[in-house]
Amino acid sequence: MTVAIVTGANSGIGRAAAVALARSGFDLGITWHREESRAQSAVQEIAQAGARCELRHLDLHAVTEGARVVDDLAGVLGGVDVLVNNAGYGSSTPFLDLELEEWQGVIDVNLTGAFLAAQAAARRMVRQGRGGAIVNVTSVHEHIPLSGSGPYTASKHGLGGLTKVMALELGQHRIRVNSVAPGQIATRMTGQEDRPPAAANVPLSRAGDAREVGALIAWLASNEASYVTGSSYVIDGGLMLIAAEQQ
């Protein structure tokens with residue numbers, strides 16, 4: 001049995017990824033920030049999929065906590081073979097009105113915290129000597145800007161760039177690193193969980209389901225993706241095509 005750690009897995013994309021990984025044969029370590037009852041529900045769903053699951057609280061505003069929790073979960077579960085850096089959030093303050101505290105909070109969680117968690121996981125994978133996979137959940141805004149979301153866009157661009165550097169450096173250890181860049185997905189963050197709405201601005205005419213993103217993450221973690229590294233997988237129903245058309 002192999003081990004996957006997923007941050008921010010109490011709902012949305014993180015939970016869908018954790019369940020998909022459990023169904024693929026991984027034991028799980030998952031983290032939550034708010035709403036412990038939803039996190040406990042995720043543990044039950046993962047257990048129903050036949051996997052062992054360990055749960056830890058994690059607030060990446062304390063950036064070093066990500067590395068500590070990854071090490072804790074890996075120690076309890078017997079190692080780590082996959083890390084999914086999913087925890088994150090955004091803001092909607094115009095650039096001229098941004099305060100340093102708001103900027104720093106988003107960067108800390110989405111980029112610095114993800115970096116430290118990935119570094120801790122990668123160091124363990126190197127010591128284990130059996131390779132591994134890291135999936136960084138970014139956004140279509142890894143590739144295109146979003147007006148009014150300077151810190152979010154900067155953090156996702158940054159995590160996309162870090163993904164490529166990690167792939168270059170960690171390939172020698174058989175550690176694959178990729179990013180997944182979702183578009184409009186029906187989650188609690190977008191206020192649409194479990195009811196993907198129609199979306200006129202998307203070629204497929206609907207928002208995505210978190211389980212569709214979870215399936216992609218599980219594939220990238222699997223041996224079927226053994227020759228895939230350093231790539232960003234956009235899963236957006238064609239949204240970026242519309243953005244390109246409007247340029």
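On a predicted model such as this, the values are computed, not experimentally measured, just so you know. Start at 1 with the first residue, then count along the sequence.
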Check this for me: R130, atom CZ, are more than 12 non-hydrogen atoms of other residues, nucleotides or ligands nearer than 6.0 Å?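 Yes, CZ of R130 has more than 12 neighbouring heavy atoms, counting only those of other groups under 6.0 Å.
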Is [Y] close to [X] at the side-chain level, that is, under 4.5 Å between some pair of heavy atoms?
X: C53; Y: I30; result: yes
X: N201; Y: L239; result: yes
X: I107; Y: T112; result: yes

Basic-acidic side-chain contact under 4.0 Å: R56, E54: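 Salt bridge flag = yes for E54 with R56.
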SB check E224 R176 (cutoff 4.0 Å):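 Salt bridge between E224 and R176, a charged N being under 4.0 Å from a carboxylate O: no.
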Got a second to check how far [X]'s [atom1] is from [Y]'s [atom2], nearest 0.5 Å?
X: Y152; Y: L146; atom1: OH; atom2: CG; value: 8.5 Å
X: L204; Y: Q184; atom1: CG; atom2: CD; value: 11.5 Å
X: I13; Y: R211; atom1: CD1; atom2: CZ; value: 13.0 Å
X: L28; Y: I46; atom1: CG; atom2: CD1; value: 4.5 Å
X: T229; Y: R174; atom1: OG1; atom2: CZ; value: 13.0 Å
X: F115; Y: L162; atom1: CZ; atom2: CG; value: 7.5 Å

Does the [X] side chain pair with the main chain of [Y], one donor and one acceptor, at a distance under 3.5 Å?
X: N10; Y: W32; result: no
X: E102; Y: E99; result: no
X: H57; Y: H33; result: yes

Dump the intermediate steps for side chain to side chain contact (heavy atoms under 4.5 Å, CB included) on V3 and Q128, then the final yes or no. CA-CA 12 Å; V3 175; Q128 290 167 179; over 6 Å; no
Side chain to side chain contact (heavy atoms under 4.5 Å, CB included) between L168 and K164, intermediate numbers included: CA-CA 6 Å; L168 284 171; K164 294 177 175 63; 5.7 Å; no
Would you please indicate yes or no on a ring centroid separation below 6.0 angstrom for H61 and Y89?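 For Y89 and H61, the ring centres are under 6.0 Å apart.
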Can you tell me if [X] and [Y] form a side-chain donor-acceptor pair at under 3.5 Å?
X: S149; Y: H141; answer: no
X: D81; Y: T2; answer: no
X: S179; Y: N136; answer: no
X: T7; Y: T31; answer: no

Salt bridge (Lys or Arg N to Asp or Glu O under 4.0 Å), that's the test. Do E35 and R15 meet it? Break it down for me. CA-CA 13 Å; E35 297 183 296; R15 179 168 178 162; over 6 Å; no
Please report the shortest heavy-atom distance between [X] and [Y], naming the atom on each side.
X: G183; Y: V140; answer: CA-CG1, 3.6 Å
X: A154; Y: W103; answer: CB-CH2, 3.7 Å
X: A221; Y: A133; answer: CA-CB, 4.2 Å

Verdict with reasoning, M240 to H143, per side chain to side chain contact (heavy atoms under 4.5 Å, CB included): CA-CA 9 Å; M240 280 184 55; H143 303 285; 3.7 Å; yes
Verify side chain to side chain contact (heavy atoms under 4.5 Å, CB included) between V135 and L83, making sure each step is shown before the conclusion. CA-CA 6 Å; V135 181; L83 171 70; over 6 Å; no
